[in-house]
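Here's the structure, in structure tokens; my notes come after.
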Amino acid sequence: SSINAPPLSNLPDEVLAGVDRTNGVWTASFDAAWEADVWGKFSRGVEAADANLAANMLNYDAVLVTLTGDVAALYTSIRTLQERLDFAYSNVKLQKQALDLANSRFELGATSELDVQQAKGLLHNTESLNPIYHLNIDRASNTLRFLLGMPPSNLDAMLGKSRVIPAAPSSVAIGVPADLLRRRPDVRAAEMAAAAQSAGIGISKADLYPSFAIGGSLGLAGGTFADLFDGGATTGFITPFFRWDIFNYGRIKNNVRVQDARFEQAVTAYQNTALAAAKEVQDGLQGFLRTQEQVNYLDSAVTASARAAELALAQYRQGAADYTRVLNTQTSLLQQQDTLT
């Protein structure tokens with residue numbers, strides 16, 4: 001509400017004789033306007049907003065996919081380091097047996113001190129791997145806690161007692177390649193970004209044509225506050241509006257060209273994202289299949305190396321082979337086990 005009083009303070013007193021200086025006007029009103037969406041400007045704006053919202057949500061999903069992948073990779077890395085550590089411990093036990101045997105043969109005069117020193121060198125070199133594995137496990141655990149939003153704490157309860165690397169399935173069902181790409185949020189986010197920019201072209205084109213709107217006001221007016229509630233206190237008006245930026249056609253057309261160029265850019269980005277996703281999927285599938293073949297060969301190599309180390313140690317015990325053969329077979333066994341892991 002407001003009071004509108006005429007400025008009477010500057011008039012002479014003889015002019016103001018008999019004039020009620022407290023008269024005013026009380027008003028209470030609200031204004032409203034509505035523009036017809038003749039050329040689809042507002043509907044295209046809604047489309048662009050919806051597409052942008054979907055793109056942001058898909059970007060969020062893409063971050064979650066990346067986070068999930070990082071957590072899985074760190075978990076697998078921890079299990080890998082633990083298995084490498086277990087292999088190192090088992091080789092330490094094996095090499096200690098070889099060192100004890102070399103010491104016994106040296107004390108009996110069956111061999112020289114060279115065998116003893118070679119056995120010690122190999123043993124201590126293998127033992128030096130254990131602190132490195134423990135350090136890498138601690139660092140991977142710290143990173144895993146960070147990704148999980150956890151304070152520094154012990155992860156043993158969460159990780160469990162299993163120290164085995166998770167086994168991958170023997171086969172993977174991917175379905176139709178197009179469906180596989182559609183499941184990727186980064187591809188769909190790029191698609192939604194292109195859709196939002198396409199709607200932006202329609203918004204800019206609508207400025208080329210006239211706009212039509214209706215505006216009005218509805219309210220109450222009276223000389224006193226009590227008069228606002230009289231039956232005749234209602235006031236209002238309604239009027240049409242027409243606007244056409246006919247003299248800005250050059251600027252509007254250039255803006256349309258800009259929006260169209262941005263759309264082409266968004267489409268190209270979507271195509272590149274889809275191509276990159278297809279390449280990543282294909283590389284991942286081929287790598288999965290080829291490494292399965294490699295693991296089969298490495299399993300056989302580890303089995304053969306373990307048997308060779310066992311035979312070399314037995315031959316050395318019998319004096320049928322020198323310690324160099326034992327050293328080579330045990331070194332090869334550790335390398336083969338580490339490569340398999």
Count the heavy atoms belonging to other residues, nucleotides or ligands that lie under 6.0 Å from [atom1] of [X], then report whether that count exceeds 12.
X: Met158; atom1: CE; answer: no
X: Tyr209; atom1: OH; answer: no
X: Gln265; atom1: CD; answer: no
X: Tyr249; atom1: OH; answer: yes
X: Phe247; atom1: CZ; answer: no
X: Arg317; atom1: CZ; answer: yes
X: Phe146; atom1: CZ; answer: no
X: Arg262; atom1: CZ; answer: no

Show the nearest heavy-atom pair for residues [X] and [Y], with the distance to one decimal.
X: Leu122; Y: Gln330; value: CD2-OE1, 3.5 Å
X: Pro185; Y: Leu58; value: CB-O, 3.5 Å
X: Ala194; Y: Ala266; value: CA-CB, 3.7 Å
X: Leu123; Y: Val92; value: CD1-O, 3.7 Å
X: Ala55; Y: Ala193; value: CB-N, 4.3 Å
X: Thr273; Y: Asp186; value: CG2-O, 3.8 Å

Salt bridge check: are [X] and [Y] linked by an N-O gap of less than 4.0 Å?
X: Asp61; Y: Arg188; answer: no
X: Glu191; Y: Arg182; answer: yes
X: Asp86; Y: Arg163; answer: yes
X: Glu35; Y: Lys41; answer: no

For this session: Any chance you could lay out the side chain to side chain contact (heavy atoms under 4.5 Å, CB included) test for Val267 and Phe263, step after step, and finish with the verdict?
Result: CA-CA 6 Å; Val267 170; Phe263 172 69; 3.5 Å; yes

What I want to check is whether the side chains of [X] and [Y] have a donor and an acceptor closer together than 3.5 Å.
X: Arg139; Y: Asn136; value: no
X: Ser217; Y: Asp31; value: yes
X: Asn254; Y: Arg257; value: yes

For this session: Go through Gln259 and Ser204 one step at a time and tell me if the side chain to side chain donor-acceptor pair (under 3.5 Å) criterion holds.
Result: CA-CA 7 Å; Gln259 299 301 323; Ser204 60; 5.6 Å; no

For this session: May I have the step-by-step check of side chain to side chain contact (heavy atoms under 4.5 Å, CB included) for Ile78 and Ser141, ending in yes or no?
Result: CA-CA 7 Å; Ile78 291 174; Ser141 299; 3.8 Å; yes

Problem set entry | side-chain contact (heavy atoms from CB on, under 4.5 Å) partner of Leu333, chosen from Gln335, Gln337, Gln336 | Gln337

Single-linkage hydrophobic cluster [X]~[Y], side-chain heavy atoms < 4.5 angstrom:
X: Phe106; Y: Leu99; result: yes
X: Val71; Y: Val65; result: no
X: Leu114; Y: Leu327; result: no
X: Ile165; Y: Tyr133; result: no
X: Val38; Y: Leu208; result: yes

What's the spacing between [X] [atom1] and [Y] [atom2] if we round to 0.5 Å?
X: Arg79; Y: Tyr75; atom1: CZ; atom2: OH; result: 3.5 Å
X: Leu148; Y: Leu155; atom1: CG; atom2: CG; result: 7.5 Å
X: Gln118; Y: Thr331; atom1: CD; atom2: OG1; result: 10.0 Å
X: Ser198; Y: Arg44; atom1: OG; atom2: CZ; result: 5.0 Å
X: Thr339; Y: Arg84; atom1: OG1; atom2: CZ; result: 9.0 Å
X: Ser332; Y: Asn328; atom1: OG; atom2: CG; result: 8.5 Å

For this session: Identify, with sequence neighbours excluded, every residue that meets salt bridge (Lys or Arg N to Asp or Glu O under 4.0 Å) alongside Lys205.
Result: none

For this session: Go through the steps for Glu127 and Lys96 under the test side chain to side chain contact (heavy atoms under 4.5 Å, CB included), then give the verdict.
Result: CA-CA 11 Å; Glu127 289 176 332; Lys96 282 183 177 179; 3.8 Å; yes

Judged by atom type as modelled, is there a donor-acceptor pair below 3.5 Å linking the side chain of [X] to the main-chain atoms of [Y]?
X: Asp260; Y: Val256; answer: no
X: Asn125; Y: Gly121; answer: no
X: Asn255; Y: Arg251; answer: no
X: Ser77; Y: Ala73; answer: no
X: Trp39; Y: Pro210; answer: yes
X: Asp37; Y: Gly40; answer: yes

Exercise. Within 45 degrees of the axis of the six-membered ring of Tyr316 and under 6.0 Å from its centre: does Arg325 put its NZ or CZ there?
Worked result: no

Exercise. Could you go step by step and tell me if Phe241 and Ile214 meet the side chain to side chain contact (heavy atoms under 4.5 Å, CB included) rule?
Worked result: CA-CA 6 Å; Phe241 293 95; Ile214 298 175; 5.9 Å; no

Within a strict 4.5 Å, meaning less than it, do heavy atoms of the [X] and [Y] side chains meet?
X: Leu334; Y: Leu129; answer: yes
X: Asp245; Y: Arg243; answer: yes
X: Gln292; Y: Leu289; answer: yes

For this session: Under the ring-ring contact (aromatic ring centres under 6.0 Å, His included) rule, what do Phe212 and Phe242 come out as? Steps first, then yes or no, please.
Result: CA-CA 5 Å; Phe212 306 93; Phe242 172 81; 5.4 Å; yes

